A.B. asks: 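Sharing a structure, written as structure tokens. Questions coming.
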Protein chains: 2
Amino acid sequence: MTTPLPTCGVARFLVLLDGPWATLIVRELLRGPHRFTELRATLPGISPHTLTSRLRQFETHGIVTRTAHAEIPPRVVYELTPLGRELRPVLDAMAAWAAAVPAAGTPAD
Amino acid sequence: MTTPLPTCGVARFLVLLDGPWATLIVRELLRGPHRFTELRATLPGISPHTLTSRLRQFETHGIVTRTAHAEIPPRVVYELTPLGRELRPVLDAMAAWAAAVPAAGTPAD
DNA sequence: CAGCATCCTAAATGATACTG
DNA sequence: CAGTATCATTTAGGATGCTG
């Protein structure tokens, strides 16, 4: 965005976790290291384009490590860095809020 | 988005707080009720278009109330609902994470 | 398997001008 | 004051096809 993003430290979180998929990917990685196709499988509907794009940004911002194993077939493992793992309380707070929403559908998640 | 958004309850938070301004507006409203121009003043760079759009969506989702006083000049006050106020822990968690980021700029915010 | 290249859509946002 | 209307920009995301 062209926005100056002046307001506060929260902005740092917002630019990184921009877009709905970003948060969901982090949420999956909080469960442990994942390969590319594993992430695709656990995130129904995501396109490889989007997944790659988000993972690259996470790498750049230092919340995810990418480990490529030079094998046949190739194997690439994505894992949260310590900084990335510190995002768990934020995700938990989001989930807690969503669960507390009264009329919005099935809170059974 | 055309996304199915199937994953989890967190998605409810994500669709509502979509875009960088959305979270920042809620953050300001957590400090208390605000008038339209007050919000504009506390959110440098936001356009009235964007502010109106976000506030309308917050109204629709039941996290903000809009109170219009039929006076001259008109006065409209936006205030978080109880559900909206429950977003505070989430915003706090975001801010806490951002403050914990080591190399990202001035953590003095 | 793990992408990348290319084209396209939708939505959030911005700029500017105007109104009840 | 509190918006609305219109136009343009930016970007997340999707679809498809191809490669190392």
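Computed from a predicted structure; not experimentally measured. In the text below, chain A, chain B and the rest are named by the order of the sequence lines, each starting its count at 1. We use all heavy atoms of the structure for the numbers below, so side chains are in, but hydrogens, waters and symmetry mates are not.
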A.B. asks: Rounded to the Å, how far apart are Phe58(B) CZ and dA12(C) C1'?
C.D. replies: 12 Å

A.B. asks: Applying side-chain hydrogen bond (donor to acceptor under 3.5 Å, both in side chains) as the test, list every pair that has at least one member in residues 88-101 of chain B; sequence neighbours left out.
C.D. replies: none

A.B. asks: Nearest whole Å is fine: how far is dA10(C) P from Asp18(B) CG?
C.D. replies: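 Atom-to-atom, Asp18(B) to dA10(C), this comes out as 16 Å.
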
A.B. asks: Starting at atom NE2 of His69(B), determine the distance to atom P of dA2(D), rounded to an integer number of angstrom.
C.D. replies: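 Spelled out: NE2 on His69(B) to P on dA2(D) is 10 Å.
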
A.B. asks: Round to the nearest Å and state the distance from Leu39(A) atom CG to dG13(D) atom P.
C.D. replies: 14 Å

A.B. asks: Between atom CD1 in Ile46(A) and atom C1' in dG14(D), what is the gap in whole Å?
C.D. replies: 11 Å

A.B. asks: Using whole Å, report how far CH2 of Trp21(B) lies from P of dT13(C).
C.D. replies: 9 Å

A.B. asks: Check the distance between dG14(D)'s C1' and Arg54(A)'s CZ and give it to me in whole angstrom.
C.D. replies: 14 Å

A.B. asks: Name the closest nucleotide to the Thr50(B) side chain, picking from dG14(D), dG14(C), dA12(C).
C.D. replies: dG14(C)

A.B. asks: Residues two or more places apart in sequence or in another chain: which of them pass side chain to side chain donor-acceptor pair (under 3.5 Å) with Arg56(B)?
C.D. replies: Glu59(B)

A.B. asks: Heavy-atom distance under 4.5 Å between the side chains of Leu55(B) and Phe36(B), does that happen here?
C.D. replies: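 Yes, side chains in contact.
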
A.B. asks: I'd like to know if the side chain of Thr52(A) reaches the main chain of Pro48(A), judged simply by a donor and an acceptor atom lying under 3.5 Å from each other, with no hydrogens or angles considered.
C.D. replies: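 The answer is yes, because a donor-acceptor pair under 3.5 Å joins these two groups.
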
A.B. asks: To the nearest Å, how far apart are Leu14(A) CG and dT10(D) P?
C.D. replies: 21 Å

A.B. asks: Let me confirm one number: the CZ-CZ distance from Arg40(A) to Arg35(A), rounded to the nearest 0.5 Å.
C.D. replies: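 Nearest 0.5 Å value for the CZ-CZ distance: 13.5 Å.
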
A.B. asks: Across nucleotides 1-7 of chain C, 5' to 3', mark each nucleotide with B, S or - according to how protein heavy atoms within less than 4.0 Å reach it.
C.D. replies: BSSS-B-

A.B. asks: Just by distance, no angles: are the side chains of Thr50(B) and Ser53(B) close enough, under 3.5 Å, to form a donor-acceptor pair?
C.D. replies: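 On atom types as modelled, these side chains do not qualify, holding no pair under 3.5 Å.
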
